Amino acid sequence: MSKNIQSIRGMHDFAPEQAAAMRMLESNLLSVLKSYAYQEIRMPIVEKLELFKRSIGEVTDIVEKEMYAFEDGKDGAWLGLRPEGTASAVRAGIQNGWLHNQQQRYWYLGPFFRRERPQKGRYRQFHQLGVETFGMQGPDIDLELILLTRSMWQAVQLPAENLQLQINTLGDAEARAKHRDQLIVYLSDHQDALDAEARNRLHANPLRVLDSKNPKIQAIVGAAPKLLDYLGEEAKEHFGSMQHSLNQMGVEYIVNPTLVRGLDYYNRTVFEWVSTELGAQGTICAGGRYDGLVEQMGGKATCAAGFAVGLERLLSLVAKQMTDSVQEVDAYFVSLGDEASHYGFQLLAKIRQQLPDCAIQMNCGGGSIKAQMKRADRSGARLALIVGEDEVNNQQIAVKYLQTREPQQVLSEDELLKLLKTQN
Ligand code: ATP
Ligand code: MG
């Protein structure tokens, strides 16, 4: 006998109750997006590897270490499973002519793949809700994105007290170049205290060192030259104006000067929502502006800003609220004998047509009344609809309340429809 095949490490199944909670979470988030008039786009899960290298950056964790890449057997092209969505959204926008001289507000949702060390809040297949906006210079769109995320947390009843909004600005290219030179000088002075990874990045991409998760390096980084001190006038004004609007809207935040994000394409405003409940994997949402990316990828220069929500991390914080609001089965149909079962299928067809939101499970596979009532209880239904020979003859249904002490009733079809309507 061969061993059972297991799933890939870090790639998980969702049991029905987990899937239902995730679905509820998603539908709450999507109704917020609808209220802000954002539109859905869908993109392939596999893209040319080059797309991710050019947009995310060669010297980033994602591209250096975390890509699932493979050579396509037929024509030898290198392909990659998407590790994030912005690169694909920009590619799709340029390719389909969605961006030039236009304003767009897009969202997408789906699985993403990174070959990370699996741990709590860090998986190899995970799900993101991504938002990308194009053609708006901000800072009003930056503010809208942050308000949108705040509305999302409210919609999923995420307690605000365990959540912190961190913002920073990465300035414009000129400021980043000046800051980069000073950062290299500073980090070179602390060479001995750096780990191998940080030393590798010192010259290739020193900003990345600020993003290190190594506590020893984080300590050194605390005193490193700050990009904030190199900002040009426009970037300073942009950041100041955004903070002013946040204050006006009563959004609490802190400015975190070491917030740089793990991808290369960001400029000016960047932000993260960090939960204090999740330990090291505390960021549930991250984003910012990437005004240079569309041009860098071959399109006409177009401003852009967006964010992504890590859905597994968010769900782990609100699983209880989401599960509580899921009612999978409203009623369970118990039938005694073939005739009752036949009647049941016809009756349920009528009910489902008239009350499409009412979830009724039909007993299949026979069984004594005792066995069927046990299944009814296990289904979580509020009502058991019971039909035997007498009920078929009278076109009536016995209704038993499974979760309250209300007495059993015998109802006509019309009365049953009325009852189900009020239960929904
Ligand atoms: P981290 O610093 O935690 O590695 P990141 O900067 O790599 O995050 P982003 O690329 O900004 O993450 O992705 C946006 C969000 O997606 C993160 O804030 C997080 O909530 C979620 N996320 C990223 N990687 C994973 C993963 N491997 N497993 C689960 N969720 C993830
Ligand atoms: Mg990461």
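Both ligands and their constituent atoms are indexed starting at 1 by order of listing. From a predicted model like this one, the values you see are computed outputs, not experimental measurements.
With a 4.0 Å cut-off on non-hydrogen atoms, Arg313 touches ligand 1 through its side chain and not its backbone. Of the heavy atoms in Leu314, none comes closer than 4.0 Å to ligand 1. Contacts with ligand 1 closer than 4.0 Å are made by no heavy atom of Glu312, backbone or side chain.
Aromatic ring centres of Phe14 and His127 lie closer together than 6.0 Å. For Phe307 and Trp273, the ring centers are positioned 6.0 Å apart or more.
Numbered from 1 in the order shown, with element, the atoms of ligand 1 that lie under 4.0 Å from a heavy atom of Gln128 read 13 (O), 14 (C), 15 (C), 16 (O). The ligand atoms of ligand 1 that sit less than 4.0 angstrom from a heavy atom of Ala286 are 11 (O). The ligand atoms of ligand 1 that sit less than 4.0 angstrom from a heavy atom of Thr283 are 17 (C), 18 (O), 19 (C), 20 (O). Residue Ile284 has at least one heavy-atom neighbour below 4.0 Å for each of these atoms of ligand 1: 20 (O).
For residues 169-178, the pairs satisfying side-chain hydrogen bond (donor to acceptor under 3.5 Å, both in side chains) are Asp172-Arg268, with sequence neighbours left out.
Ligand 1 has at least one atom lying under 4.0 Å from a heavy atom of Arg114.
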request  = I would like to know whether Ile141 and Glu144 meet side-chain contact (heavy atoms from CB on, under 4.5 Å); could you show each step before the answer?
outcome  = CA-CA 5 Å; Ile141 189 66; Glu144 176 172 294; 3.8 Å; yes
inquiry  = Working note: Lys65 + Glu197, criterion salt bridge (Lys or Arg N to Asp or Glu O under 4.0 Å); need CA distance, chi angles, decisive distance, verdict.
reply    = CA-CA 12 Å; Lys65 300 189 281 197; Glu197 182 183 71; 2.5 Å; yes
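Using cut-offs of 30° and 60° on the angle between ring planes, the pair Trp98 and Tyr106 is perpendicular. Between His190 and Tyr186, the angle of the ring planes lies from 30° to 60°, which puts this pair in the tilted group.
Considering each of Tyr123, Phe126, Phe112, the one bringing a non-hydrogen atom nearest atom 22 (N) of ligand 1 is Phe126.
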